[in-house]
Student: 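There's a structure below that I have some questions on.
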Amino acid sequence: MNHLIIAPVILPAVIGPLIILWMRNDLLLQRVFSIVGTALLAGVALYLNVLAAGGEVQVYRLGNWAAPFGIVLMLDRLAALMLLLTAVLALAVQLYAMGSGWDRKGRHFHALWQFQLMGVCGAFLTGDAFNLFVFFEILLIASYGLMIHGGGEMRLRAGVQYVAYNLAGSTLFLAALGVLYSVTGTLNMADMALRVAAMPAEDTALLRVGAVLLMLVFAVKAALVPLHFWLPSTYANAPGPVAALFAIMTKVGVYGIIRFFTLVFPQDGVIESVVADLLLPAALFTLAIGQIGILGTRHLGRLAGFAAIGSIGTLMIAVAQFTPQGTSAAVYYMIHSTLAAGALFLIMDMVGARRGDLWLRLDRVMPGNGLVAALYFTAAIAVVGMPPFSGFIGKLLVMQATGAAPAMVWIWATILITSLVAIYALSRAGSILFWKSFQLSPAPATASPPVPAPATAGGPKLEPDEPIQDLGDAPANWLAVASVVLLLSGIVALTAFAGPAMRLAEATAAQLHNPDAYVSAVLEGQEGTK
Amino acid sequence: MIAYALFFAYGCFGLALLFCLYRVVFAPGLSDRVLALDTMAINVIALLTLFGIDKGTTMYFEASLMFAMVGFISTVAYAKFVLRGDIIE
Amino acid sequence: MSPALIAALPFIGALLPGLLIRSGRDVAAVSCATATFIALLGLCLHIPAIMAGEVITARFEWLPSLGLNANFRIDGLGLLFGILILGIGLLIIAYARYYLSRNDPAGVFYAYLMLFQGAMLGIVLSDNILLLLVFWELTSLSSFLLIGYWKHLPEGRQGARMALTVTGMGGLAMIAGMLILGNIAGSYDIGDILQAREAIQASPYYLPALLLILLGAFTKSAQFPFHFWLPHAMAAPTPVSAYLHSATMVKAGLFLMARLWPVLSGTPEWFYIVATTGLVTMVLAAWIAIFRDDLKSLLAFSTVSHLGLITMLLGFGTEAAAVAAVFHIINHATFKAALFMTAGIIDHETGTRSIARLGGLRRLMPVTFAIGTIAALSMAGIPPLNGFLSKELMLEQATHAVWQGNPWLMAAMATLGALFSVCYSLRFVWQVFFGPERDDYPHKPHDPGFGLWSAPALLAVLVVLIGLFPASMAGWLVEVSASAVTGTAQHPHLALWHGLNLPLALSAAALAGGAVLLALNRPMLAARAAIAWPDAKAIFDAITRAATCAAGFFTDRLTNGSMSRALAAFALTVVLCGLWAFSTGGWQGATRPMLPVQPVPLVGWAALMVATCCMVAFHRRRILALVLVGIIGLMVSVSFIYLSAPDLALTQISVEVVTVVLLLLALNFLPKFTVIDSRDRKRGMDAFIATVTGLGFGALAYVIMRSDFAFPSISEYMLANSYKLGGGDNVVNVILVDFRGYDTFGEITVLGIAALTIFALTETLLAGASGRRLRNWVHDSRRAGDRHPLTLVVVTRLILPISLVVGLYIFLRGHNMPGGGFVAGLVVSVALVSQYMASGFAWTQERQKINYHALIGAGVIAAGLTGIGAWFAGLPFLSSAYGYVKLPGIEEFELASAMGFDLGVFLCVVGAVMLALNSLSRIARQAGETVNLDPMDIDPSKEARR
Amino acid sequence: MIAEIVVSVLVVVGGFFGLVGSYGLVKLPDPMTRLHAPTKSATLGVGAVLIASLIWFPARHGVLTWHELLITLFLFLTAPVTGYFIAKAHMHLGWSRDELPRPAPGKDWATFCDPDKESLVDRRAGE
Amino acid sequence: MELLLSSAIGMLTAAGVYLILRLRSFAVVLGMTMLSYAINLFLFSTGRLVVNAPPVLQKGVEVYTDPLPQALVLTAIVISFGMTAVVVMMALGAFLEGGDDRVDMPRADRLPGDGDA
Amino acid sequence: MIRRLFPHPWLSVTLVLVWMALVNRWAVGSLVFAAIIGVVVPLITAPYWPGAKGYRAPHRIPAYLAIVLWDIAKANFAVARIVLFTPRRALQPAWIAVPLDLRHPEAITALAATITLTPGTVSCDLSEDGRALLVHAMHAPDPDAVLDEIKTRYEARLKEIFE
Ligand code: NA
Ligand code: NA
């Protein structure tokens, strides 16, 4: 048993409390511990990917209890990949949070950040349905704290909505778990898979209810139409780096759907195609509403939010195929859209920091216009899925994976038409932000904008009564830019090494669509357990 | 005999609960309602004790103690809220 | 040189000016030119091989599972376009060096230009249609940047967006078309696709694929009705226009049609779609060009017209027509690039491109005049210039074409197009260079320096040379490229003189007609001005504005920030999906008997139902609602006890009281009444949704309770092994701290995070606008005296220690009887709360030294360390050990490692609850609470002591 | 047998007083008189039942339990305080100071005291 | 008994849903509390109903109720307590910052104040 | 030293009893543990109980408790009679201001508790100087008699015990 499997949970779970215990008034120490922790997490995640690449599903039996009685952690290719994605995103975005000074606009940013990572990693690792709920709650409650970090009326109002909506979602999660337990008598996902497969046909009604409710739970997290209403205001009002980190949160929902509906409820089983039938139309509407929203909104944060919704639509189209090809496309696209959405949110925050607000309207030329414009342009290309970046490849993959689907015409038409809308919308937004402003004022001198001293200079101390800063005076230092560049270079790498990435995605999909190995890894070879 | 006695007591405290409920719903002021809630908690303690006698178990004792404590704290809290607005000042 | 390297060179070239962004125009131009020149050289080195009929390829795996590979090929067609792109590119680079002003950021310009060049070159060298798509879309993007280069010009921005949108649309359609094409052919490699003509044309997907691909080609090549974007792209700096619209971007569409000509052409669908579109575009655009006042606009429409011409030729589907098309591509590139550069020179030197403001430049700018005239006459198709040659070929092909059984329609229309072409070409020469000199030019015109005119001059020389010696100058190129297009060896016979034939007659007619039309130019302009022509830009603007508005309206109305709507959608979705899932599955009916109903539970049930109804009815009176919530919580707890769940009851009831305290603390600052602000209809609707949801969920619960487990539950194992393996009699507690301790670890973390969040929020609130608001807080109700009544203080002095003892007891017994760390933590918290209520927060806080933050951190770490401890025994996280320890003379203890875990739970609970209360209390103190120095307000003993 | 009789009697008595206490809550005319019923009858009601339990378990099951005593102690400790607080709330909500007797000339009951006076003895928060 | 419990669950759910559809945050919090009661009872009921068989091992007792749902409900109670505390605090914060306790996002969340496009 | 270790000896005794009642087992080990609790817990909570001193005559407490318990039993019958049989109109509630001789907070609390638990009376409030107790009587045709009973039957005894 490899103890490093649980490290992605334990590491942040130790660093978070340590920060609270010993350094809650020292921002510099917080930063150091937090960033080192996240970097370690990335290292561990990398190692776990190597471990998972062996193709064998790794099991960690908590408390040394035999499955299905105790809780197990499961490391397969998908889980490992999601961990790495989380760590990389978190690392980059955390640099931004430090560079932009967001982390000192309120208390406990770094502790909450670590807890957030703990929740997300735990959700990816667990092999137990109820434990998944618990880690959903951890990631949610940490996200509540992060979402309202810095305060302000709109943010708090949006926060109330976000919390309330997710409380309803959590309630539904419990309902779904209750139904599933009441039928199968187990909570272990592998065990549940076995029992579901053995379910007599005349007794499937409750099971189907449980499966569908569970899908809706994940759909809430993934912001699938019509359960997407929470997202735009939340993401638009969350602090930039937090919104960027939230790019992984919607993926947790997608992960849940992939995990449960390949492992426990495969499509040909008792639930037949229930989920795919519901999921595909929802995904198409999600894509459409997201992309239309990009055009329809006048707030940059919402714009990025709708872009995130749109990307979830595309992703879910691939997922809803429940074929190895569809799943591998989804895995690839998931990596892409996480990085792209993260970058877009950070760039929007940079714009907001330089312009003073996030409204899409004519304003003076912002300092550092060219740099931000270049970053925006790159991210926008990635987001709308134009070449040469991974978004384009992802789109091609999704289209190819749906080429034989009965609804192929609908899928392709939706993808392509909404892409056009998004292209127009993002070019319009970019043109207004970065070009049109030259109408109001002459081009600035080529000298780079005055950069306020980075927050790290001079030993930052978090004063309890330090005034809450406005978006306007977030310092634009190299660290923030570097983090965006880091994310974008991730996209470039994903493009350049599309071949290897896709081989990885295909191996992941193959493993997912062959759940027997997963089940036997959990339920067999339990010598030495209690 | 004990069974009949218990049955009678169950009925009494059950009915008592309903009376309290009536007073919670139809009351001229908040303080009356708080009083009714407090009384309900006490009646519930009695019911639990009866249940323990009935089933011959002491398993529910902590719950009774807890109800007593909770009844007290929440009554004081509600009253303090009525009186002062802030219950911890 | 490898085709891949050739394709990569411009991108490398794009990096140079990007890196040398501060080094000025010369460095940028030279570095770009070098890269371009090397690429051109590399390309030309392949000429002998290609002449010998070889196809040079280079293959790299990129994404084999998709069929997207970096495969490049150079054949005749690629060579032709490559030479055009790089050759004219070289000229443009030189020209731009002199055209751009000092203030223009040249590095950026050259970077964009090279990016574009690379994208174009990529298109023509791709041997994989998906790779081609990548480059295709890249041209859209880089042209977007180039057209919008002058950010301060609205026309530039709008033109860029329009170009991107229209060509982007085509590109997207083409993605679908290409995927279909590749699926039919079984490969995305062009080499393979070109072999699959029969399969493709027989496929039922042929027509969709054709339409989608043509949509891409037509938009890119500005074919009717997508022609409107091109003139607006003229807002770009002239070098860009010259490059994009003579040799490159717009030719991409033609290239694609030529590239796929062997597999797509030859069907009636192809003929009618492509030839007709080309013809209509040719005539219509030429007609529009006659009336344009802006030189570049005139040239733009002429470009559209010529593209139509070439499209039409490709559409004919005959090999001879393909040859003509290829030849005209070359010719058009030479004269049109020269003309654009001429227009740029005129603009640069006179300060205007408006024909109405020009005239008489003949003597002022003789060199420009010479270049412009040669190129324009070639465009008009006047011998002996190269434009004449290909126009003759075109007319000849048109006479062979039969449209819907009509043998002369195509020829007549083509002649008409040629006639218009003559007219605008002559107009360009006549109205710009001839006529009287004017004295109101914006700048004093004179010929530019050699740097600016050398490039167009070179092209003009080519125009003449190709015209005079077509076979030797261009024959070889036409031959190899036409062979590549048609897929069979072509040996075109290009000559200036073909004898007196029908095309010559048509050509003459066009010339004469054009001259006449030019004479009528002024009255025609007036007449045309009088008619309101639909302006394509206005239509495009209207459509995009409408789309933007519609999207805005839709988005704003749908995602309107209403939580009620979001939750209603949520509830309905859940209910409908659940119902559907249930009704489509099988249920065997009730298999479990019901428990009999006793009177007391019935009373409890009635109390619960009544209280719930009242709660909803009275929810606006908030305190009353809270009291009713208390009753409901009480009843729920009691039902837990009745139904054999003492631990649940303990937890529920203690959580209940802390929740009430929290809510009351918050309610102090909130309004005490909820105003009605929803309409009756909404309330009715909500009540309906609520009822449906309640019925559904209740029914689900009922069905579950009446059904048996389909499989034995895992809890049987837990009941059997709780004592044996977990060392505890209270199975629920053993599950919590041992079987599923990991869940509990997560659960206390949640609690800790909640408290941290509340604390952080409080800090933020106090520092922000709320803090100011709170400092001026006025209580909304009358307040009674005596904040810390004596009796409460005295009683609490007893209750607090007793409660601590009770908490300790519950903590210690939890493993074997109902209780445990969580309930114990709540008991202690509640006891502390009572102390705070009795004597006030500040007084109490001053007397205790525990930091609640530390308590939370310590709790989580204690739980975590208990878990980690197992690692040292080589066991997984949270593996527990237990044993009964008998310390001499003291209570017998069970010492389970799980107890350390439970201790963590306890600490975390106390810390979290108290930190949350602390935060709320801080808000109250900000609102002007006073801090008492004594534990009670009234203390007669104090007076007695004095 | 004797134990059973005693316990039965106690249970019946407890039930009776519990019911009467709550009935008083419904029947009595004004909030202040209503306050009397539960603070006493209910305590005896629940007290009797607790004592019944205290006797029942050793008599019937041979287990001596003192838990009931603790609950009784707790109830008797807290009942006066809850009564006191509810009475104060009644006074605050429903009575004017002129309807009540004065404690002494010029003096007032604590509930009716001017809350602003407290700032004389206490320091302002945050200072 | 099953009928009573399921009707209570239904009633609590209906009340909760109705309240969370209200427009003020306090009502929404009340609704959440109702829903959490409902879901706790529901989750508990998945262990099926048994009277006087608490899952505490005793000599000679053979029948115990299902302990697992109870453990799950305990976790759920604690978590929902934390969540309630946070949402209450956030609602209070929103009220203090914004001056009212509406839950709907104001127009200013979606549209700029000055109507400039 | 003893004083520091046992800030409230009676509290310590109470806690020992409480613990023994809780564990429900009269074993020596439990008693030792209870003793530890009896020392530690009062020490922890001592800051909240400042300035307490011993009582003057604690040995009189049992007698007082007996009286009170007897009165409580009587009170219940009295109240039951009133609730069940006295018509609403015949009720004669009264407010009674009880001037206090007691000064000790614990003594005042004990008196207030006694009043509340015994026949037809509820203690409602203290005066602002703490020298009078407001009592409400449910049915008091003769308020002075009630006042007299409170002063003599309870307050006097409490004064002996506490002061
Ligand atoms: Na509650
Ligand atoms: Na919840």
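Keep in mind that the numbers below use all heavy atoms, side chains included, and drop hydrogens, waters and symmetry copies. Order of the sequence lines fixes the chain letters, A, B, ..., with proteins taken first and strands second; residue numbering starts at 1 for each chain.
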Student: So L17(B) and M635(C), do their side chains get closer than 4.5 Å, heavy atoms only?
Tutor: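 The answer is yes, as the side chains (C-beta and beyond) meet within the 4.5 Å cut-off.
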
Student: To the nearest 0.5 angstrom, please state how far the CZ atom of R84(B) sits from the NE2 atom of H788(C).
Tutor: 8.0 Å

Student: Indicate the atoms forming the closest heavy-atom contact of P599(C) with F7(B), along with that distance.
Tutor: CG-CE1, 4.3 Å

Student: S834(C) versus chain B, heavy atoms under 4.5 Å apart: side chain, backbone, both or neither?
Tutor: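 When you check distances to chain B, atoms from both the backbone and side chain of S834(C) fall under 4.5 Å.
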
Student: State, yes or no, whether a side-chain contact exists between V638(C) and L47(B) at a heavy-atom distance under 4.5 Å.
Tutor: no

Student: Select, from L665(C), L624(C), L602(C), L917(C), the one with the greatest count of heavy-atom pairs under 4.5 Å involving chain B.
Tutor: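 Top option by heavy-atom pairs under 4.5 Å: L624(C).
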
Student: Return the minimal non-hydrogen interatomic distance between R33(B) and R621(C), and the atom names on each side.
Tutor: NH1-NH2, 3.6 Å

Student: Between F72(B) and I799(C), is any pair of side-chain heavy atoms under 4.5 Å apart?
Tutor: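 They are in side-chain contact.
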
Student: CD of E656(C) to CD1 of I73(B): how many Å apart, nearest 0.5 Å?
Tutor: 14.0 Å

Student: Quick check on V44(B) against chain C: is it the side chain, the backbone, both or neither that has a heavy atom closer than 4.5 Å?
Tutor: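 Interface part for V44(B): side chain.
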
Student: Kindly say whether L626(C) contributes a backbone atom to a donor-acceptor pair with the side chain of Y78(B) at under 3.5 angstrom?
Tutor: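 Yes; at least one donor-acceptor contact below 3.5 Å.
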
Student: Let me know if Y642(C) has heavy atoms under 4.5 Å from chain B in its side chain, its backbone, both or neither.
Tutor: both

Student: Side chain, backbone, both or neither: which part of V658(C) has an atom under 4.5 Å from a heavy atom of chain B?
Tutor: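 Neither part.
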
Student: I'd like to check F67(B) versus I641(C) (side-chain heavy atoms, cut-off strictly below 4.5 Å). Are they in contact?
Tutor: yes

Student: Would you say the side chain of M817(C) lies within less than 4.5 Å of the side chain of E62(B), judging by non-hydrogen atoms?
Tutor: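 No, their side chains stay 4.5 Å or more apart.
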
Student: Quick one: does F13(B)'s side chain get under 4.5 Å of V603(C)'s, heavy atoms only?
Tutor: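 They are not in contact (no side-chain heavy atoms under 4.5 Å apart), so the answer is no.
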
Student: For the interface with chain B, which of L664(C), L634(C), V657(C) has the highest count of heavy-atom pairs at distances below 4.5 Å?
Tutor: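 Highest number of pairs under 4.5 Å: L664(C).
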
Student: Can you tell me how far apart CD1 (I87(B)) and CZ (F841(C)) are? Round to the nearest 0.5 Å.
Tutor: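 Between I87(B) CD1 and F841(C) CZ, I get 12.0 Å after rounding to 0.5 Å.
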
Student: Quick one: pull up OH in Y60(B) and CZ in F640(C) and give me the separation to the nearest 0.5 Å.
Tutor: 13.5 Å

Student: Does any non-hydrogen side-chain atom of M69(B) lie less than 4.5 Å from one of I653(C)?
Tutor: no

